[in-house]
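As a basis for the values below, the full set of heavy atoms in this structure was taken, side chains included, without hydrogen atoms, waters or symmetry mates. When a residue number appears, it is its place in the shown sequence, counting from 1.
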Amino acid sequence: MTMPITENAGANWKGTLRRSYGLIQSVAVLLVLVIIMSLISPRFMSVINIQNLMAQMSPALIVAAGMTIVMINGEFDISVGAVLALTAAVSASLMPQLGFVPAIFVSLFIGPLFGLIAGLIVTYGGIPSFITTLGTMMIARSLAFVVTGGQVISDLPPAFRVIGLARPLGIPLPFMIAMATIVFGWILLTQTAFGKKVYAIGANRLVAALSGISVKRTKIICLMLCGLAASFAGNILLARIGAIQADTARGLEFEVIAAVVIGGVSLGGGQGNIMRVIIGVVVIALIRNFMNLARIDIFWQDFATGSIIIAAVLLDALQKRIGSQN
């Protein structure tokens with residue numbers, strides 16, 4: 001009588017281990033990075049550096065929340081960095097005339113508008129989202145240069161800067177806002193009917209359609225939510241750094257995609273946990289922060305980011321292989 005129980009316990013343990021492989025690998029990478037960086041740079045674990053790190057990663061966390069939804073749905077959005085820059089540029093340029101609250105409100109429509117355009121092209125035009133958002137990325141970046149005139153916009157209201165500089169209880173307010181965004185994304189994906197549709201479409205689009213799910217509408221909404229996250233992040237970044245130029249956040253989209261994959265979201269869609277994406281964003285931010293502390297030439301930072309993206313893709317492939325053996 002005890003043998004079946006033992007065998008079932010062993011099988012359950014192995015199954016749990018396979019399902020948790022992505023989380024285990026993410027936490028392991030994070031711990032190794034923290035230990036190595038702490039040993040190499042004593043300043044790494046200082047309170048000031050940790051606070052700065054939390055503030056710096058906040059825009060990426062917000063964008064990652066939107067990107068996670070899109071990637072679980074089986075699509076990509078590589079326009080988020082350009083949309084972020086355009087939103088911040090529009091917001092900063094409108095503040096002197098409208099005040100910062102109306103300017104923020106108006107600018108928040110930019111991301112969803114780009115998401116709507118991309119979503120319509122992807123769903124009704126049959127164009128892959130990677131190519132579609134490559135086009136919208138170029139358009140948004142060009143418009144950012146038009147709005148700024150190629151200059152830095154820095155004349156921002158002091159009240160607006162409080163959003164980016166405040167540290168209640170020693171925690172940067174942008175980080176608190178970013179974590180609230182992640183929690184909202186988790187609720188949307190796990191506690192609503194919309195979230196179930198997102199996972200179902202990413203796992204098998206045809207089966208989802210046969211089940212009565214509106215695939216096109218859901219995909220459009222996902223891309224609009226990702227655009228909204230990018231616009232929201234643009235205003236948070238603007239409040240923190242106090243200035244914006246058209247070239248801001250160039251390459252952010254690929255860092256976020258790498259962070260989302262490191263966090264366990266499949267490149268093929270249909271699986272992933274938005275809370276684990278936090279680990280991926282932290283890993284990217286830690287590496288950037290460490291290179292700055294170590295005064296490593298900025299030209300090598302893109303080399304490191306590219307290496308992380310390749311490693312993330314390889315880890316995703318390995319995770320799929322392990323999952324297929326289940």
Side-chain angles (χ1 to χ4, degrees), residues 26 30-31 33-34 37-38 41-68 80-81 83-85 87-89 91-92 95 100-101 103-104 107-108 111 152-154 156-187 228-245 248-249 251-252 255-256 258-260 262-263 274-294 301 305:
S26 300
L30 180 59
L31 290 176
L33 283 174
V34 170
M37 293 174 183
S38 300
S41 176
R43 293 183 298 164
F44 177 73
M45 290 301 293
S46 66
V47 174
I48 294 178
N49 186 59
I50 291 175
Q51 289 177 330
N52 290 336
L53 183 62
M54 293 167 72
Q56 290 167 7
M57 73 172 71
S58 299
L61 278 170
I62 295 171
V63 176
M67 188 68 76
T68 300
V80 289
V83 169
L84 183 154
T87 298
S91 184
M95 283 183 189
F100 76 88
V101 174
I104 292 173
S107 69
L108 288 178
V152 177
I153 302 177
S154 59
L156 303 176
F160 173 67
R161 295 298 313 283
V162 172
I163 299 173
L165 301 177
R167 293 185 176 183
L169 302 176
I171 301 174
L173 182 58
F175 182 77
M176 298 173 70
I177 294 173
M179 293 305 298
T181 305
I182 292 286
V183 171
F184 175 79
W186 177 81
I187 293 173
L228 177 61
S231 288
F232 187 40
N235 279 287
I236 297 300
L237 179 63
L238 180 63
R240 187 178 70 82
I241 64 178
I244 190 67
Q245 57 185 7
T248 297
L252 174 68
E255 289 189 17
V256 169
V260 170
I262 291 173
I274 195 170
M275 300 305 290
R276 279 169 47 184
V277 169
I278 297 172
I279 298 176
V281 175
V282 172
V283 168
I284 301 290
L286 285 179
I287 293 174
R288 286 281 189 184
N289 179 255
F290 174 74
M291 288 190 293
N292 289 331
L293 288 176
Q301 296 191 13
T305 303

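Of all heavy-atom pairs spanning V260 and A64, the tightest one is CG2-O, 4.1 Å. What you find for N49 and F44 is that their closest heavy atoms are ND2-O, 2.7 Å. Summarising the geometry of L84 relative to A249, their closest heavy-atom pair is CD2-CB, 3.9 Å, with the distance given to 0.1 Å. Of all heavy-atom pairs spanning I241 and R161, the tightest one is C-NH2, 3.9 Å. Listed here is the closest heavy atom pair of I244 and A85: CG1-O, 4.2 Å. Of all the heavy atoms in S231 and G111, the pair that sits closest is OG-N, 2.8 Å.
For the pair M176 and M54, the minimum side-chain heavy-atom distance is 4.5 Å or more. Counting only heavy atoms from C-beta outward, the side chains of F290 and L286 never approach each other to under 4.5 Å.
Scored by the salt bridge (charged side-chain N to carboxylate O under 4.0 Å, His left out) test, R288 finds E255, D302 as partners (sequence neighbours excluded).
Considering CG of N289 and CD1 of I50, their distance stands at 9.5 Å, rounded to 0.5 Å. Here the straight-line distance linking atom CG of N292 with atom CD of Q56 works out to 7.0 Å at 0.5 Å rounding. Note that CE of M67 is 8.0 Å distant from CG of L252, once rounded to the nearest 0.5 Å.
In this structure, the side chain of Q51 engages the main chain of G170 through a donor-acceptor pair within 3.5 Å. Side-chain atoms of S91 never come within 3.5 Å of backbone atoms of T87 as a donor-acceptor pair (strictly under, hydrogens ignored).
Checked against I104 for a side-chain contact (heavy atoms from CB on, under 4.5 Å), the options N235, I236, L238 give a single hit: N235. If you run side-chain contact (heavy atoms from CB on, under 4.5 Å) between L237 and each of V63, T248, I62, only T248 comes through.
Screening residues 167-183 for salt bridge (charged side-chain N to carboxylate O under 4.0 Å, His left out) gives no qualifying pairs among residues at least two apart or on separate chains.
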For this session: Apply the test side-chain contact (heavy atoms from CB on, under 4.5 Å) to residues I278 and M179: give CA-CA distance (whole Å), side-chain angles for both, the deciding distance (0.1 Å), then the verdict.
Result: CA-CA 9 Å; I278 297 172; M179 293 305 298; 3.5 Å; yes
